[in-house]
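Structure record follows, encoded as structure tokens.
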Amino acid sequence: MSVNITEIFGSNVFSTDVMRERLPKGVFREVMDVMENGGNISIETADIVANAMKDWAVEKGATHYTHWFQPLTGITAEKHDSFLTRPENSRTLLQLTGKQLIMGESDASSFPSGGLRSTHYARGYTAWDMTSPAFVKEMTAGTILCIPTIFVSYHGEALDKKTPLLRSMNALSNQAIRVLKLFGKDVDYVSTTVGPEQEYFLIKKEDYEARQDLILTGRTLFGAPSAKGQELEEHYFGVIRPEVSAFMKELDEELWKLGIPAKTKHNEVAPCQHELAPIFDTTNVAIDHNLLTMEMMKKLAPKYGLVCLQHEKPFEGVNGSGKHNNWSLSTDTGVNLLSPGETPHENAQFLLFLAAVIQAVDDYQGLLRASVATAGNDHRLGANEAPPAIISMFLGDELTEILEAIENSTDYSQKDKTEMKVGVHILPRFPKDTTDRNRTSPFAFTGNKFEFRMLGSKSSISGPNIVLNTIVAEAFKEAADMLEKAEDFDMAVHDFIKETLAAHKRIIFNGNGYSDEWVAEAERRGLPNIRSMVDAIPALTTDKAVKLFEAFGVFTRAELESRSEVEYENYSKAINIEARTMYDMASKSIIPAVIKYTTQLASSIAAVKGVCQEADVSTQTELLIETSKLLAEIKTALARLLEVTEKAAAAEGGKVQALVYHSQVVPAMEALRAPVDQLEMIVDKELWPMPSYGDLIFEV
Ligand code: ADP
Ligand code: MG
């Protein structure tokens with residue numbers, strides 16, 4: 001059946017167009033004004049908007065509404081209330097009041113707060129985020145009107161991921177406006193734009209259901225490598241399988257209805273791995289959309305006999321899944337500020353923004369690293385497939401040469417004898433697209449945007465964008481403070497770029513980020529190499545971080561401390577579940593299977609010998625010896641795993657506990673996996689209690 005994209009696109013969104021059509025002119029203008037300039041709408045206006053929204057949603061089949069928010073769990077939360085009301089004086093049966101639209105109350109105690117709540121009230125409040133449009137979601141349970149909201153405590157502390165994001169977007173806008181003003185440009189708002197590329201795996205539902213580890217933890221905790229790996233690279237951009245194709249088609253359509261501009265879909269490097277990229281959008285909208293995309297993927301896959309895995313590393317030995325965060329800055333008139341210009345003046349502005357980003361990334365590597373730290377991402381970063389755990393920036397040879405020429409006050413090109421004084425003399429036209437795309441860089445300039453590639457596939461992209469926006473806001477502020485006082489503006493711009501480069505060029509690296517030489521070189525340059533989540537989290541609460549976030553009103557110290565507490569808790573919980581799942585699988589199904597196999601071997605030896613004394617049973621005997629040896633190793637490893645898991649579970653919470661999980665439980669898990677994976681290669685396939693890697697990712 002053919003689909004008319006323009007007809008369905010955004011059909012489930014209470015968009016600006018819908019509001020223009022359905023709201024009285026004055027009300028519409030008030031709403032637009034608040035959306036563009038901030039502030040609050042009056043309660044009378046809210047009543048009118050709420051009623052129009054309810055009517056629209058009911059026409060779409062909605063029976064319930066929910067405040068849709070993004071608590072620190074990393075997923076979205078909703079509580080459904082029906083529109084039903086008791087008709088007292090009126091005959092209205094269905095109702096959504098202005099108050100219900102703009103404000104909600106939620107029992108915050110069921111969401112992680114990292115201790116913020118205990119000091120105040122157990123209540124949390126949700127408040128309408130007018131900059132993200134409301135939408136209806138079709139679910140098996142019915143159709144629901146979703147009102148995007150922020151989630152805060154009684155005292156206004158952020159209990160979610162959206163509040164600080166919106167704060168960081170404002171901070172960046174304010175500083176960017178100052179810089180632009182100096183270049184003679186008067187803009188009302190500068191937003192950050194994001195296009196997240198989402199990677200995921202699709203495997204057969206029956207295989208998934210036969211693996212307790214996938215069900216409980218989202219990744220395989222055991223599994224010998226398959227005879228065939230991803231070395232042939234035949235999957236990348238390969239032909240998409242029919243059931244996957246059908247899944248993708250419906251996914252696209254459902255996303256389009258929600259106004260999500262799903263654009264490209266293709267197979268990824270690993271077998272069964274795929275990617276979906278939307279057209280970029282303003283950051284908060286892009287984040288809502290990414291969360292909805294992930295939810296929709298999970299929801300639709302079973303219809304096609306598939307399960308969507310969004311874990312960062314479902315399978316050892318094949319690539320994991322990341323989420324590339326393409327990030328740029330755009331004025332309210334749609335001008336991309338990270339696009340090289342046509343004139344010297346424009347190029348000076350571009351280079352200034354670029355230099356500021358370089359400074360920000362170098363100054364706050366730790367925060368960027370912390371923003372992508374999860375227990376799952378520990379398996380990717382630094383593991384020779386994803387970017388390394390070291391933060392560096394790729395600019396491409398051409399741009400690097402231009403910056404070096406400015407730094408050294410030399411000519412950029414021999415052919416082009418122009419003096420590199422930005423804004424005064426002529427700069428060569430920049431290439432719009434850097435040809436030497438570097439896939440190994442964690443933070444790459446790709447022509448007119450930066451691509452932050454360390455993010456894991458499973459997490460919300462809020463955290464990394466909050467950090468990016470805030471650290472860049474600070475660099476812009478420094479530039480603006482200095483330039484506003486400058487007597488010779490062009491010279492000051494030139495000097496800022498030159499000095500910034502001299503101070504921060506260690507962060508620029510255009511080579512192969514996967515190589516051992518880079519690890520050694522990065523160490524010489526003094527760039528940190530933070531390999532695990534527990535080592536990354538402390539960056540969130542350093543004095544430097546607190547000062548930065550408080551200066552821009554993005555996080556208070558208390559909010560940062562609570563978030564770091566939640567991170568440690570998340571880590572401990574994740575490892576605890578994994579360890580216990582491993583324990584369960586090993587003791588209840590793997591050991592019994594191996595014992596069965598040893599019994600078979602022993603009976604075979606006895607039977608053969610019983611019939612024929614001279615027969616050679618050395619193969620069975622060797623297998624029996626090897627299997628029994630590995631079985632004993634499993635037993636020892638299992639005892640050790642139980643001991644350290646109990647120790648960790650009993651440890652004092654927070655950082656202390658997370659460290660025990662990291663330093664003792666994780667190695668004990670690895671020690672258990674090793675003999676099990678060896679046994680999987682030996683034991684009769686019929687006896688092995690779960691589908692192998694070969695079954696899971698090749699025989700689809
Ligand atoms: P690839 O990296 O696969 O070559 P593209 O460069 O076309 O693909 O874009 C990747 C993602 O970057 C897409 O989601 C796209 O919408 C997004 N993107 C493009 N321009 C911008 C921008 N100015 N700001 C944010 N994201 C952008
Ligand atoms: Mg990309």
Side-chain angles (χ1 to χ4, degrees), residues 5 9 165 168-169 172-173 176 180 187 189-200 235-238 240 248 251-252 255-256 258-269 273-294 297 319 321-341 346 349-350 353-354 357 361 386-387 393-396 399 430-455 457 461-462 464-469 472 513:
I5 302 189
F9 191 82
L165 177 84
S168 75
M169 289 170 72
L172 184 61
S173 178
L180 286 173
V187 303
Y189 200 82
V190 172
S191 20
T192 53
T193 50
V194 164
E197 300 167 61
Q198 177 76 42
E199 290 183 336
Y200 61 99
H235 190 254
Y236 194 50
F237 281 31
I240 302 174
M248 287 178 168
L251 177 63
D252 273 347
L255 296 179
W256 290 336
L258 287 166
I260 300 172
K263 172 85 177 151
T264 45
K265 47 185 177 186
H266 61 77
N267 286 355
E268 263 300 328
V269 177
Q273 195 186 24
H274 311 278
E275 182 187 288
L276 184 143
I279 296 172
F280 68 94
D281 221 320
T282 309
T283 306
N284 59 323
V285 175
I287 293 174
D288 285 0
H289 285 175
N290 179 247
L291 291 164
L292 283 169
T293 300
M294 292 168 73
M297 283 174 170
N319 277 6
S321 298
K323 185 139 58 183
H324 291 175
N325 191 78
N326 294 275
W327 177 92
S328 193
L329 297 159
S330 170
T331 64
D332 47 5
T333 51
V335 178
N336 182 349
L337 297 175
L338 292 180
S339 201
E346 282 174 7
Q349 180 191 307
F350 162 73
F353 281 128
L354 187 76
V357 178
V361 172
M393 292 172 89
F394 168 86
L395 296 180
L399 200 49
F430 296 147
K432 285 274 180 205
D433 209 16
T434 33
T435 42
D436 45 347
R437 284 264 182 121
N438 180 326
R439 293 273 153 201
T440 66
S441 176
F443 205 102
F445 183 71
T446 52
N448 59 4
K449 62 187 187 291
F450 278 100
E451 188 168 343
F452 186 22
R453 301 200 178 113
M454 293 172 100
L455 289 74
S457 50
I461 57 171
S462 276
N465 284 296
I466 293 168
V467 169
L468 253 173
N469 295 345
V472 172

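Atoms within a ligand are numbered from 1 in the order they appear, just like the ligands themselves.
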(request) Say whether Asn326, considering both its backbone and side-chain N or O atoms, lies within less than 3.5 Å of an N or O atom on ligand 1. (result) yes

(request) Answer yes or no: does an N/O atom from Trp327 fall short of 3.5 Å to an N/O atom of ligand 1? (result) no

(message) Under 4.0 Å from a heavy atom of Asn336: which atoms of ligand 1 are those, numbered in the order shown and with their elements?
(response) 23 (N)

(message) Contact between Leu337 and Leu180 at the side-chain level, heavy atoms closer than 4.5 Å - yes or no?
(response) yes

(request) Answer yes or no: does an N/O atom from Lys449 fall short of 3.5 Å to an N/O atom of ligand 1? (result) yes

(message) Give me the atom names and distance for the closest heavy-atom approach of Leu338 to Phe445.
(response) O-CZ, 3.6 Å

(request) Between Glu197 and ligand 1, find which residue part has any heavy-atom pair under 4.0 Å and reply side chain, backbone, both or neither. (result) side chain

(message) Taking Thr192's backbone N and O only, do any of them form a donor-acceptor pair with Thr283's side chain (distance below 3.5 Å, no angle check)?
(response) yes

(request) Compute the shortest N/O to N/O distance between Ala277 and ligand 1 and return yes if it is under 3.5 Å, no if not. (result) no

(message) Considering both backbone and side-chain atoms of Pro196, is one of its nitrogen or oxygen atoms within less than 3.5 Å of a nitrogen or oxygen in ligand 1?
(response) no

(message) Could you check whether Ser328 and Asn336, counting side-chain N and O atoms only, form a donor-acceptor pair closer than 3.5 Å?
(response) yes

(request) Give a yes or no on whether the backbone of Ser457 and the side-chain of Gln198 come within a donor-acceptor separation of less than 3.5 Å. (result) yes

(request) Identify the heavy atoms of Phe450 and Met393 that sit nearest to each other, and give their distance. (result) CE2-CE, 3.6 Å

(message) Give the atom numbers and elements of ligand 1 that come within less than 4.0 Å of a heavy atom of Ile279.
(response) 16 (O)

